[in-house]
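Everything numeric here is computed off the predicted structure, so don't read it as measured data. Both backbone and side-chain heavy atoms feed into the values below; hydrogens, waters and symmetry mates do not. Numbered from 1 within each chain, the chains take letters A, B, ... in sequence-line order.
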Amino acid sequence: MKIATWNVNSIRARHELVLDWLKRVEPDVLCMQETKVVDDDFPTDELMRLGYAVAMAGQKTYNGVAIASRRPMKDIAVGLHDDGPEADKRLIAATIDGLRVLSAYIPNGKSPTLPAFQGKLHWLARLRETLERGPAGEIVLCGDFNVAIDDRDVYDPEAMRGQLHFHPEEHKALAHLLDLGLVDAFRLHHEEGGLYSWWDYRGGGFRKNQGLRIDYVFVGKALAAHCRDASMDVDARRRDKPSDHIPVVVELDQP
DNA sequence: ATGACTGACGATGTCAGA
């Protein structure tokens with residue numbers, strides 16, 4: 001079972017790249033974030049022609065999450081447990097082969113000094129609550145978390161420390177979420193630093209490898225024992241008109 | 001010149017992203 005996550009930064013701007021990637025990599029499941037499209041305009045048919053069903057939760061201009069799956073999805077749920085009707089579309093979940101797969105787009109937070117930052121921390125706390133209340137099943141929590149976990153995940157730890165994406169309050173909130181028993185699948189297979197999932201479009205960030213690792217697949221501890229491989233597809237950033245994020249891919253042995 | 005952002009909305013700029 002191959003499961004991937006990718007912040008595509010607009011599925012309409014990226015659908016050809018995404019379709020090419022699906023043909024090449026053939027994941028069973030692709031979680032997407034920042035689709036930036038209402039559900040009626042999602043390129044559902046193009047994905048269906050490649051054999052994928054799509055569960056999506058989109059909105060105009062901002063946010064938007066989706067799960068494309070070649071295997072049947074059930075118990076599709078949108079949003080955090082206490083989301084109101086006007087909440088940003090940042091979370092969708094589905095059960096696939098007994099796995100509870102989630103596609104999450106954690107708020108950016110804007111700046112540690114602004115109220116949006118507290119909203120980011122609160123969103124992570126509410127995600128934990130949502131997982132605790134969700135249906136049973138091994139969790140595969142995928143998405144753009146907008147937090148770099150440790151010094152290996154940022155290109156300049158001393159400059160970044162205390163800044164957005166690398167702030168102790170963000171680390172605390174993410175650690176509390178992972179205390180549910182979730183493991184960073186990528187780190188099961190790669191120990192070294194300098195491996196990033198995002199680079200700024202500006203300033204030649206990718207060319208200089210000045211990036212951040214902020215996109216993750218977190219798996220339950222029992223599932224971690226079945227994680228055969230994990231990788232990030234840097235090639236996706238070398239294509240024409242790339243997303244600023246690249247896919248993270250994990251391979252799980254069949255339970 | 002060895003640097004230079006991208007997408008949506010719906011405009012000839014503004015906002016957001018990270």
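- If you take CG of A:D200 and C1' of B:dG7, they are 14 Å apart, rounded to a whole angstrom.
- Note on A:N7: only backbone sugar-phosphate atoms sit closer than 4.0 angstrom, heavy atoms only; bases stay farther off.
- Looking at heavy atoms from C-beta onward, A:L252 lies in side-chain contact with A:L99 at the 4.5 angstrom threshold.
- Note that A:R161 lies outside the cation-pi zone of A:F166, set by a 6.0 Å cut-off to the ring centre and a 45° limit from the axis.
- Of the candidate nucleotides B:dA8, B:dT6, B:dG3, B:dG3 has the atom lying nearest to any side-chain atom of A:R207.
- Across all strands shown, A:G205 has no heavy atoms under 4.0 Å from either base or sugar-phosphate atoms.
- The side chain of A:R90 approaches B:dG17 more closely than any other nucleotide in the set B:dA18, B:dG17, B:dG7.
- For A:F218 and A:F145, the distance between ring centers is under 6.0 angstrom.
- Among the heavy atoms of the strands, none lies under 4.0 Å from A:D215.
- Atom NZ of A:K208 is separated from atom P of B:dG3 by 8 Å (rounded to the nearest Å).
- Between the base of B:dA18 and the side chain of A:N146 there is no donor-acceptor pair shorter than 3.5 Å.
- The distance from atom CD of A:Q59 to atom P of B:dG17 is 11 Å, rounded to the nearest whole Å.
- The pair A:R239-A:D233 does not count as a salt bridge, with every side-chain nitrogen at least 4.0 angstrom from each carboxylate oxygen.
- Remark: P of B:dA16 and CD of A:E34 are 13 Å apart, rounded to the nearest angstrom.
- The distance between atom OH of A:Y105 and atom C1' of B:dA18, rounded to the nearest whole Å, is 8 Å.
- The nearest whole Å value for the distance from the OH atom in A:Y201 to the P atom in B:dC5 is 13 Å.
- Nearest to the side chain of A:N9, among B:dG7, B:dG17, B:dC9, sits B:dG7.
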